[in-house]
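To keep things clear, I will list the structure first and then write my remarks on it.
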Amino acid sequence: MTSEQTWLQQKLQAVDRQAFQNDLQSWYMENHRDLPWRQTKDPYRVWVSEIMLQQTRVDTVIPYYENFMKKFPTMEVLAEAPEDEVLKAWEGLGYYSRVRNLQEAVQEVVANYKAEVPKDRKVFRKLKGVGPYTSGAVISIAFDQEEPAVDGNVMRVFSRICNIDEDIGKEKTKQLFEQVQAQFLEGAKPSIFNQAIMELGALICTPKSPGCLLCPVQNHCLARAEGKEEDLPVKSKKKAPSKKTLSVAVVQDDAGRVLLRKRPDQGLLAGMWEFPHVESSSENLMNDASSMLLKDHDVSAEIVGEIQYVEHTFTHLIWKMHVHRATVREAPVPSETEVWVTLDEAALYALPVSQQKILRHLKGE
DNA sequence: GAACCGTGGGC
DNA sequence: TGCCCAAGGTT
């Protein structure tokens, strides 16, 4: 046995896992929220909910989930749907590759697995967008298999219960917590237990000001016993986002229509629509917008001036957008990645929030 | 392993 | 205001 395993065994021996299971699962049965995706064990629905919930709050997800399941009630429907329609249903949720990966994965399930979600975790794990957490979550929740599913909640709860101060930002630490959760799962009801840990993390064992006095497992918590619950989990700080100055062009033709373009299908905001823009130094905004329009869109436009300044912050990036109005007499014939649309029609395209800010400003003028 | 990939809420 | 945070995955 390695020293690391010995260390882990000592941590685990300090907690009565049997009693922990009973207390946690009983609490969950009495107190869990009645969320839309908990009204079913349909693995497709559980899958969709898990993808939506990645790095996203429950309250944000609920309306998206309801709408998405109405539009794409089965894997067959989602597999056949146009990608633009799928992206539109995700508009505003962020991390858009999630839904493009989901559709691709569903298409594979329909084509190669008789439209049935694989019950083998390792098989399911191979699908696009299905990682270590999502594979364990769907398999344990929908099929009631004893599989760990380590997310932020699980690491927070178990770091406190077992008094573990490893940095939860490290990959190695996530694997450590998979072992911890696997130990706690033995003899449990996997679907109930895994959801209960996450529910506890969401409602009681919160990042700040945890509600220890209401906690059903407070008597099992090593961090609580030492008054260290506020100091765990340990998480290293993220680096500050970098900044980009963008020159944006709202080009309007004589008919009042504006030019939108589709972003490439890789990278930031992949497949979403936007007003044409180019990275620019703050001194050459007008010139840079003008030459971008000519080079990328064959548009010879007169830039009138700046009509709006917007900042938009992503996780790792800040866009400082200088928005200019430009006019053309006659719009050129658009390519596949370009459209000329009225401001009302623009709302039918999947636009990231940064572009919605611009559109709203234009409509308000 | 570290960087990339969105957004909105809470303090 | 600025920062942290939220049921992660891919490259």
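Chain naming here is simple, since letters A, B, ... match the order of the sequence lines and numbering starts at 1 in each.
Looking at heavy-atom distances under 4.0 Å, Val61(A) makes no contact with the nucleic acid at all. Nucleic acid contact class of Arg38(A) (heavy atoms, under 4.0 Å, all strands): base. Heavy atoms of Leu35(A) sit under 4.0 angstrom from at least one base atom. Nucleic acid contact class of Arg100(A) (heavy atoms, under 4.0 Å, all strands): none. The residue Trp37(A) sits close to a base: some heavy atom pair falls under 4.0 Å.
Within the 4.5 Å cutoff, no side-chain heavy atoms of His324(A) are placed close to those of Ile307(A). Residues Phe275(A) and Val258(A) meet the side-chain proximity criterion, which asks for heavy atoms closer than 4.5 Å. Using a 4.5 Å heavy-atom threshold, the side chains of Tyr133(A) and Lys174(A) count as separate.
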Reading 5' to 3' through nucleotides 4-11 of chain B, protein heavy-atom contacts under 4.0 Å coded B for base, S for sugar-phosphate only, - for none: SBBBBB--

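Judged by closest nucleotide on DNA chain C, Val58(A) is the one of Val58(A) and Gly129(A) placed further toward the 5' end.
One P atom belongs to dC4(C), the other to dA3(B), and the distance between them is 16 Å to the nearest Å. Taking atom P on both dG9(C) and dG8(B), the two are 22 Å apart, rounded to the nearest angstrom.
For Asp344(A), the side-chain contact (heavy atoms from CB on, under 4.5 Å) test picks out Thr342(A), Lys363(A), with sequence neighbours left out. Applying the side-chain contact (heavy atoms from CB on, under 4.5 Å) test to Gln195(A) and every residue at least two apart in sequence or in another chain returns Tyr28(A), Arg38(A), Ile141(A), Ser191(A). Partners of Asp298(A) according to the side-chain contact (heavy atoms from CB on, under 4.5 Å) rule, which considers only residues two or more places apart in sequence or in another chain, do not exist here. With sequence neighbours excluded, the residues forming a side-chain contact (heavy atoms from CB on, under 4.5 Å) with Asn22(A) are Gln18(A), listed by chain and number.
If you take CG of Leu102(A) and P of dT10(C), they are 12 Å apart, rounded to a whole angstrom. The interatomic distance linking Asn101(A) (CG) with dT10(C) (C1') rounds to 8 Å, in whole Å. Between Leu127(A) atom CG and dG9(C) atom P there is a gap of 13 Å when expressed in whole angstrom units. Residue Gln266(A) contributes atom CD, which lies 14 Å from atom C1' of dG9(C) at whole-angstrom precision. Atom NZ in Lys237(A) sits about 17 Å away from atom P in dA2(B), given to the nearest Å.
Side-chain contact check for Ser247(A) and Asp288(A): no donor-acceptor pair (N or O, by modelled atom type) lies under 3.5 Å.
For Lys235(A), counting side-chain heavy atoms from C-beta on, the closest listed nucleotide (dG8(C), dC5(C), dT10(C)) is dC5(C).
The environment of NZ in Lys128(A) is sparse: at most 12 heavy-atom neighbours from other residues, nucleotides or ligands sit within 6.0 Å.
The stretch residues 173-191 of chain A does not touch DNA chain C, since none of its heavy atoms comes less than 4.0 Å from the strand.
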